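Fair warning: this is a prediction, and the values are worked out from it, not measured in the lab.
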Amino acid sequence: MSDFVRIHPYQFVHVLDLNTNIVHLVEGPKTLMLQSHEKLVAGPLPMIVIPPGHYCIVNDPIRSYSPGGKCDLDLGQTKVKFHGEAFPLYPGEYLAAAPNYIKGSGDYSSAIKPLPVVKANHAIRLDAIIDHKDEDGIWRKAGDIWQLKGPLTYKPKPEVRIKEIIEPKIIKSGQVIKLRATQDTEDSFGNFRVTGEEWLVKEPGAYLPGVFEEVVSIEDVMTLTQDVGLHLKATQTLTDLTGKKRQAGEEWLLTSDVSTEYSTQVGVEVVQTIKKTVLKKGQYAVILNPIDKQGRPQYGQKELRVGLSSFFLHPGESLEDNKINSAYVLSENDSIILQALENLDDVVDGKKLNRKTGDIWLIKGPLNYIPPVNVKIIKQRKTIPLSKNEGVYVQDKHNGKVRLVMGPCALLLKATEDLWQKELSDEVEQLLSNGGGLGSGDIRKLAYYEQSIDPSILKGRDKTRVVTYRCPSNTAVQIYDYKKKTARVIFGPDLVVLGPHENFNVLSLSAGKPKKENALKSLCLMLGPDFISDIIEVETSDHARLRLQLSFNNHFEVNKNEETSSQKIFAVPDFIGFACRQIGSRIRASVALTSFDSFHRYSAKIINTAVFGNDSQGNPATVLKFHVNNLVVSSIDIQSIEPVDVKMRDSLSKSVQLAIEISTKSIEASASHEAKREEQIAKGQLERQILKTEKESEKERAKLYELRALASAVESTGQAKAEAQAQAEKLLIESHSQIEIARLKAEAAEIEHDALLSSQNLIRSQEIDFKKKQNSLYVSKEKAYAALEVRKFTEMVSALGAQTLAAMANAGPNNQLNLLQSLGLESVLLTDGNSPINLFTTAVELVGQQSEQNC
């Protein structure tokens, strides 16, 4: 390390004297040579320069400094430096916001801070760190808080801490600010406020909260219209804006009838905004806990209000079910059921009736009905239209009886009646939706039930509607009445209608091949003729087991007009399984006595004899009748016979397969021979076509060569000729173009001249016509004026009359004559021989002179 330290201007270093262990300051510009007992501990560092309007804080400032001597530091104290000359940090000092500066970082910009500038209507809030006296002579104790209002630039002090800059709260027109005192203080208007007290400031403008004032909220002044009111609640005892004293917890309604606007009041809470309830014509509302004239709620009471009307709900009041109801408009087909909630008097058709609590009655339309508050509407009903084959179940609530009502009619239930739901088992519901049959697997009979599917049931059955079933043709349905304990049979095609206490007799039939019990559920019994197919296994006398697939025709013999015969066909619930078991047992017994070879030869005869037997005369019978249910089997068909034993079945299938293979190979050989023959024919035709095509292509190639030679000749001589022809045509076209341009210019000039001439002629003719029309109008106007004057004079003369005009004409001379006579003169004409003298004129002049003298 070098012993020389170059210190530039405005730089400083700290040097430690190892002998005395004292650090002293050396400022530049200077070249410092370190002695053997000296050590450089900081620097060179730039001096601190504070620009205008800024400051910095120095921690542990030095009290007095003497180079090489001991220095006293105010440990834990601070010193504020403002704009001035550059200064160094003395040993032991450091910048508050840049503690690493003295360690050699060289950057002290983070320690330089701008002076707090407080704008107008703003304030700076200060906190005293230690007891001191400020520049105004006020003694501040540690912990005191105060604020200075702007505009000003605050110079920080070591004894004071800046808490924050307070911004003003802007109170707009129509707003108020709510304040709360955080401790006992005096507000900006000189009023003393205790801790927790709240008050309002309403003057618009900028409001600067005090030191111990807390802004609770800035709230808008609420404008009350005809349709809006306020639900208010007093949180403390006070006098409201209307001058009425309110107790703590009291609630009231403020509307525009009292005040058009509402500003927040201390001690008053706005619970909610209430809109005016408007009832239109035909509407009504039931008010719960209505307010009486003294403003007290009548708890448990109700009040009915009917439109046209409007009102506010007072605190404590509410709408029943929170809704406005419309009046019940009942047509001729409508009715409603009512129940009295308490004793009341009712008027029906002019008769006064006393209804007791709990009474139920019905009213019919047409009318508009608004129920009183002591009447409850149980249900609104409409007339149920029932067409033919439609019906409903109706139950009387008094005695519980259920009856069936069928159409066509219009049913209006009584007050004590209601629709009754008929419940059916899930099995019957599923059978009805599938047309009456339900089964698993591939059952032929299921397709027969599709014609009986009712589309309305697929959408969901209305349990109050009568249960119906479309009984298919040539079938029978058994209905059981559980109340009467009787059964009835309906033959199709017909519509089955269940009574209130009736239900279907569901048949569980065997189905499939071989037959399985309960595989088919059915509501109807097929009377036939029909056929039943089944697979049975038999064993011959020589123990050959065979599988037989049989199909036999069947039908029921029934007298539809006789009840006993009708009920007998349902004596066996599973007639299919019963018939298959009976016929199978007969066939197995007969085949067991026959050998395989004999059965293979005479199977049809053996099976027919086993099923039908012989008649009384010993001849083969043709029918088999089961007397228990009158089921008749008329014929039997053997569809297939195959061995059950696998080895036997394999050997039979191998012999059949071998015969099929021999036949297949012969057919394959003949087909292969025919294919080869056709292939050779096709190859010959293809070779001939190739030769023919090559011949045609050679001809076309020769023509191509000829055309190429001709094109070469034309190409060699045609270029020069084409250029000459093009030049000649160019000159010819240019000449024709010049001629055409000259001709077009001449035509254009001629057209312009003709157009100018025609336009001038047109203008002249228009001006002449204008003058003629103007003169004609002037003459006609003068004539009209003259005629008007003549007419005016004529009408004036006729209006005044001839005598009046004569009197007016003679009035002047007569007056003059009378004047002369009053002067004693006679009406004599004096003359000197040359000019006559008229004494009338003299009289006029005399009268004129007399008038002037009087004036």
Side-chain angles (χ1 to χ4, degrees), residues 1-118 124 126-127 129-130 132 134-135 152-165:
M1 181 177 179
S2 177
D3 293 336
F4 291 93
V5 179
R6 297 178 182 273
I7 306 174
H8 297 284
Y10 295 103
Q11 286 186 344
F12 67 94
V13 295
H14 289 173
V15 179
L16 174 63
D17 191 335
L18 298 177
N19 293 334
T20 60
N21 199 25
I22 295 175
V23 180
H24 62 274
L25 173 71
V26 180
E27 299 182 12
K30 187 176 183 181
T31 301
L32 177 65
M33 185 180 69
L34 296 176
Q35 303 296 324
S36 59
H37 63 277
E38 290 180 340
K39 179 182 178 181
L40 182 65
V41 294
L45 296 174
M47 291 186 179
I48 300 172
V49 179
I50 301 177
H54 290 71
Y55 73 99
C56 73
I57 297 175
V58 179
N59 288 341
D60 300 339
I62 195 166
R63 188 178 302 167
S64 62
Y65 176 73
S66 60
K70 295 182 180 179
C71 303
D72 295 331
L73 297 176
D74 292 335
L75 297 176
Q77 301 295 323
T78 59
K79 184 178 182 181
V80 182
K81 293 282 190 175
F82 298 100
H83 170 64
E85 295 182 357
F87 63 92
L89 288 180
Y90 291 97
E93 293 181 342
Y94 67 93
L95 294 178
N100 295 326
Y101 164 67
I102 200 66
K103 296 179 181 180
S105 65
D107 184 14
Y108 60 85
S109 58
S110 59
I112 305 301
K113 299 180 180 179
L115 292 175
V117 177
V118 183
I124 183 169
L126 306 174
D127 182 13
I129 300 175
I130 58 176
H132 71 283
D134 61 11
E135 61 273 10
L152 60 86
T153 300
Y154 178 73
K155 291 186 176 182
K157 298 179 181 179
E159 302 87 358
V160 179
R161 180 174 56 219
I162 300 174
K163 295 193 68 173
E164 59 180 330
I165 301 294

**OP:** Verify the neighbour count for atom OH of Tyr10: are there more than 12 heavy atoms of other residues, nucleotides or ligands below 6.0 Å?
**Re:** no

Original post:
How far does NZ of Lys79 sit from CD1 of Ile57, to the nearest 0.5 angstrom?
Top reply: 13.0 Å

Original post:
If you look at every heavy atom in Ile112 and Val49, which pair is closest and at what distance?
Top reply: CD1-O, 4.4 Å

**OP:** Any chance you could measure Ile165, atom CD1, to Lys163, atom NZ, to the nearest 0.5 Å?
**Re:** 13.0 Å

Original post:
How close do Leu95 and Cys56 get, heavy atom to heavy atom, and via which atoms?
Top reply: CD2-SG, 4.3 Å

Original post:
Among Asn21, Ile22, Leu16, Thr20, which one satisfies side-chain contact (heavy atoms from CB on, under 4.5 Å) with Leu18?
Top reply: Leu16

Original post:
For Tyr94 and Asp60, what are the C-alpha separation, side-chain angles and deciding distance, and is it a side-chain contact (heavy atoms from CB on, under 4.5 Å)?
Top reply: CA-CA 7 Å; Tyr94 67 93; Asp60 300 339; 3.4 Å; yes

**OP:** Taking the side chain as every heavy atom from C-beta outward, state whether Pro114 and His54 have any atom pair closer than 4.5 Å.
**Re:** yes

Subject >> Closest non-hydrogen atom pair between Leu73 and Gly92, with its separation >> reply: CD1-CA, 3.7 Å

**OP:** Identify the two heavy atoms, one from Val80 and one from Tyr55, that lie closest to each other, and give their separation to 0.1 Å.
**Re:** CG1-CD1, 3.9 Å

Subject >> Under 3.5 Å donor-acceptor, His14 side chain and Leu89 backbone >> reply: yes

Original post:
How about Thr31 and Phe4: do any of their side-chain heavy atoms sit closer than 4.5 Å?
Top reply: yes

**OP:** Given side-chain contact (heavy atoms from CB on, under 4.5 Å), test Met47 with Glu27 step by step and report yes or no.
**Re:** CA-CA 9 Å; Met47 291 186 179; Glu27 299 182 12; 3.6 Å; yes

Original post:
To the nearest 0.5 Å, how far apart are CG in Asp127 and CZ in Arg161?
Top reply: 4.5 Å

**OP:** Measure the OG1-CD distance between Thr78 and Glu93 for me, rounded to the nearest 0.5 Å.
**Re:** 11.5 Å

Original post:
Do Ile48 and Lys81 come close enough that some side-chain heavy atom pair is under 4.5 Å?
Top reply: no

**OP:** Test Phe12 against Leu45 for side-chain contact (heavy atoms from CB on, under 4.5 Å), laying out the working first.
**Re:** CA-CA 6 Å; Phe12 67 94; Leu45 296 174; 3.9 Å; yes

Original post:
Are side-chain heavy atoms of Arg6 and Pro44 found at a separation under 4.5 Å?
Top reply: no

Subject >> Flag, side chain of Glu38 to backbone of Val15, donor-acceptor distance under 3.5 Å >> reply: no

Original post:
Can you check whether Pro156 reaches Leu115 side chain to side chain, under 4.5 Å on heavy atoms?
Top reply: yes

Original post:
Under the 3.5 angstrom rule, does the side chain of His37 hit a backbone N or O of Asp17 as a donor-acceptor pair?
Top reply: no

Original post:
Where do Pro46 and Gln11 come nearest, in terms of heavy atoms and distance?
Top reply: CA-CG, 4.2 Å

Original post:
If you take all heavy atoms of Pro88 and Leu25, which pair is closest and at what distance?
Top reply: CG-CD2, 3.6 Å

